[in-house]
Amino acid sequence: MYGKGLRPLSLITAASVALTLVAALFWAPNDAYLGFLQKIFYVHVPLAILTLCGFVAAGLMAIAHLRTRDPRWDMRSYVAIHISLIFGVTVLITGSIWARGAWGHWWVWNDPTLVSFLLVMLLYATYQPLRFAIEDPERQARYASVFAITAGAFVPINFAIVRLAPAYVHPRTLSNISGNLPGRMQVVFYLALFAITLLWITLWRFEMTAKHVAAQTRRLRALLGEESDEEGPVRRSAAPSLTHAGSVS
Amino acid sequence: MAPLPLHTAGPYVAGAYIAFFLIVLIYVAIMATKLTRSERTLSELTEQVKRRQRSSDDNGR
Amino acid sequence: MTRPASSTVVLALLRAQLRLELRTFESLPAMCLFSVTAFLLFHFGLDVDSLSGNLASGVLWVTLLLAALLAINRVYVADAEQGGFDAFVLSPAERSTLLLAKMLVLLIYLAVVELVAVPAFAILLLEPSLWQALPSMLGALVLGNLGIAVIGALVGALAVRTQARDLLGPLVSLPLLVPVLLGVARWTAPLFDAPRAGAVALRWPLVLALYDAIFGLIAFALFDFLLED
């Protein structure tokens with residue numbers, strides 16, 4: 001049951017996102033260099049951190065899938081990548097807006113963080129097409145897990161390597177926080193990180209519940225022995241079906 | 001570099017925050033369509049169960 | 001049934017694949033032809049007669065990377081289409097021997113292609129002479145090829161039994177190969193500078209070796225799961 005406790009979680013998430021907004025816009029001081037523009041930081045950076053952590057988490061879930069052969073782990077990994085892809089798109093948009101405001105260009109190549117983020121997104125953009133291109137659900141799940149583990153390992157390595165490339169302009173978040181980020185900014189940043197983490201978890205739970213409902217409905221239809229409405233060959237899908245190998249509880 | 005004045009930076013910040021909320025809202029909208037589909041399927045299945053019960057009641061008599 | 005020694009299996013698989021290539025000539029001539037054609041494309045596209053430094057390094061490595069994609073796409077096709085996978089899974093051999101054999105095949109293909117493409121590049125486009133840079137260049141080729149072979153052997157197996165393997169192979173492998181490209185291109189760029197800059201930064205060989213090793217481990221850990229049916 002993934003829907004359990006979803007309502008209090010959603011309420012806490014909504015409250016902390018709202019609190020973050022107020023704190024970021026009205027309570028945190030303006031940055032000495034970037035001024036008001038620096039407010040983008042509170043939405044951009046936590047989103048980026050959550051996207052990457054989500055990808056790594058999906059890799060860990062994929063490891064659990066290959067170990068246990070439980071299709072639910074494949075579903076978890078799939079949904080984690082799904083949510084992280086959505087977050088990733090917002091990271092690219094907000095990052096691009098920041099670049100435009102701070103450096104005058106919509107895209108800057110001499111920023112390794114932005115470039116490696118795009119690279120990671122391009123890699124993960126092939127996850128759904130890969131799933132879609134494999135018909136057998138069991139093999140689809142297995143191959144998707146192999147992809148998720150490989151790509152999950154690629155995420156931190158890629159960031160380390162691209163950062164070695166010289167000449168970057170991106171503000172170093174973590175060093176900023178430990179170093180010269182003033183107290184209030186630090187508080188608001190951690191608050192934002194907390195809120196966005198909750199948002200990621202809430203959306204993940206929402207999606208898991210929806211997928212679970214769909215799977216249960218399919219199972220109910222099968223139990224009732226009703227013929228499928230759709231004629232012709234079975235519709236291919238990129239989403240895990242949860243119908244192969246074992247029962248779903 | 002001098003800090004950007006509010007009237008220059010404002011639209012950028014607003015744009016970034018709006019983009020964030022817009023994408024979350026689009027996601028919610030997509031979830032809504034999925035929910036509607038599940039709801040429809042479930043009501044179809046309920047109808048079917050009712051029909052069956054009725055016909056088995058008829059046969060019983 | 002006794003399990004055959006892994007080295008025997010790898011050699012047998014390698015020999016079979018090379019014999020297949022020598023009979024059909026599916027990959028190697030296409031790769032060589034492609035790389036020379038790409039140099040021509042760069043000549044016309046960039047409208048330059050000679051290249052040096054970063055640009056030369058980039059053109060050479062992008063060409064080699066794209067040529068390698070041709071082999072990555074094809075290296076498992078015979079196994080998937082003619083029952084090689086099934087026969088191999090039924091045999092008592094260790095599964096990772098197939099991965100090792102495919103890596104070696106890719107390494108050999110790349111070496112042969114580079115025997116054609118690097119001299120062709122030096123003659124057609126490269127401004128400074130290649131001779132002095134040769135030892136360092138060889139190192140870059142070895143570590144670069146290793147990275148391409150490791151990722152190609154894993155992604156090739158992932159993509160070959162999908163509906164759109166010609167698309168998925170390159171789409172999945174290219175982002176994974178970008179760090180390899182970054183490493184080798186930055187490594188060789190100073191070698192191609194007209195007045196030779198000399199010192200090669202030590203970090204690129206190290207980064208490449210580390211990347212190759214990590215993805216080698218990942219490939220060996222995950223390959224078994226791709227062969228399970």
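Letters go in sequence order (proteins before strands), and every chain restarts at 1. Quick caveat: nothing in here was measured; it's all calculated off a predicted structure.
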Peer 1: C:Arg74 and C:Glu81: salt bridge (charged side-chain N to carboxylate O under 4.0 Å, His left out), yes or no, with the steps?
Peer 2: CA-CA 11 Å; C:Arg74 302 215 59 84; C:Glu81 285 181 352; over 6 Å; no
Peer 1: Considering heavy atoms only, which positions within residues 168-181 of chain C lie below 4.5 Å of chain A?
Peer 2: C:Leu168, C:Leu171, C:Val172, C:Pro175, C:Leu176, C:Val178, C:Pro179
Peer 1: Please examine the side chains of C:Phe192 and C:Leu130, heavy atoms only from C-beta on, and report whether any two atoms are closer than 4.5 Å.
Peer 2: yes
Peer 1: Side chain, backbone, both or neither: which part of C:Leu167 has an atom under 4.5 Å from a heavy atom of chain A?
Peer 2: neither
Peer 1: Report the C-alpha distance between A:Ser84 and A:Trp200 in whole Å, list the side-chain angles of each, state the deciding distance to 0.1 Å, and finish with yes or no for side-chain hydrogen bond (donor to acceptor under 3.5 Å, both in side chains).
Peer 2: CA-CA 8 Å; A:Ser84 275; A:Trp200 194 96; 3.3 Å; yes
Peer 1: Can you classify the ring geometry of A:His44 versus A:Trp98 as parallel (below 30°), tilted (30 to 60°) or perpendicular (above 60°)?
Peer 2: perpendicular
Peer 1: Tell me whether the centres of the aromatic rings in A:Phe55 and A:Tyr124 are closer together than 6.0 Å.
Peer 2: yes
Peer 1: Is any side-chain N of the basic residue among C:Glu228 and A:Arg69 closer than 4.0 Å to the acidic one's carboxylate O?
Peer 2: yes
Peer 1: Which one of A:Ile157, A:Asp136, A:Val120 has the most heavy-atom pairs closer than 4.5 Å to chain C?
Peer 2: A:Ile157
Peer 1: When you measure from the side chain of A:His65 to the backbone of A:Arg142, do you find a donor-acceptor pair of N or O atoms at a distance under 3.5 Å?
Peer 2: no
Peer 1: Against chain A, label C:Arg161 side chain, backbone, both or neither, depending on which of its atoms sit under 4.5 Å from a heavy atom there.
Peer 2: both
Peer 1: For chain A, which residues from residues 94-107 of chain C lie under 4.5 Å away (heavy-atom distances)?
Peer 2: none
Peer 1: Strictly distance-based, threshold 3.5 Å: is any side-chain N or O of C:Ser57 a donor or acceptor partner for the main-chain N or O of C:Asn54?
Peer 2: no
Peer 1: Do A:Ser96 and A:Trp107 meet the criterion of a side-chain donor-acceptor pair at a distance under 3.5 Å?
Peer 2: no
Peer 1: Using the ring pair (Phe, Tyr, Trp, His ring centres under 6.0 Å) criterion, which residues pair with C:Phe215? Sequence neighbours excluded.
Peer 2: C:Tyr211
Peer 1: Among residues 143-160 of chain C, which ones touch chain A with a heavy-atom distance under 4.5 Å?
Peer 2: C:Leu154, C:Ala157, C:Leu158
Peer 1: Would A:Asp74 and A:Arg131 satisfy salt bridge (charged side-chain N to carboxylate O under 4.0 Å, His left out), going step by step from the backbone distance to the final call?
Peer 2: CA-CA 11 Å; A:Asp74 174 52; A:Arg131 292 195 77 113; 2.8 Å; yes
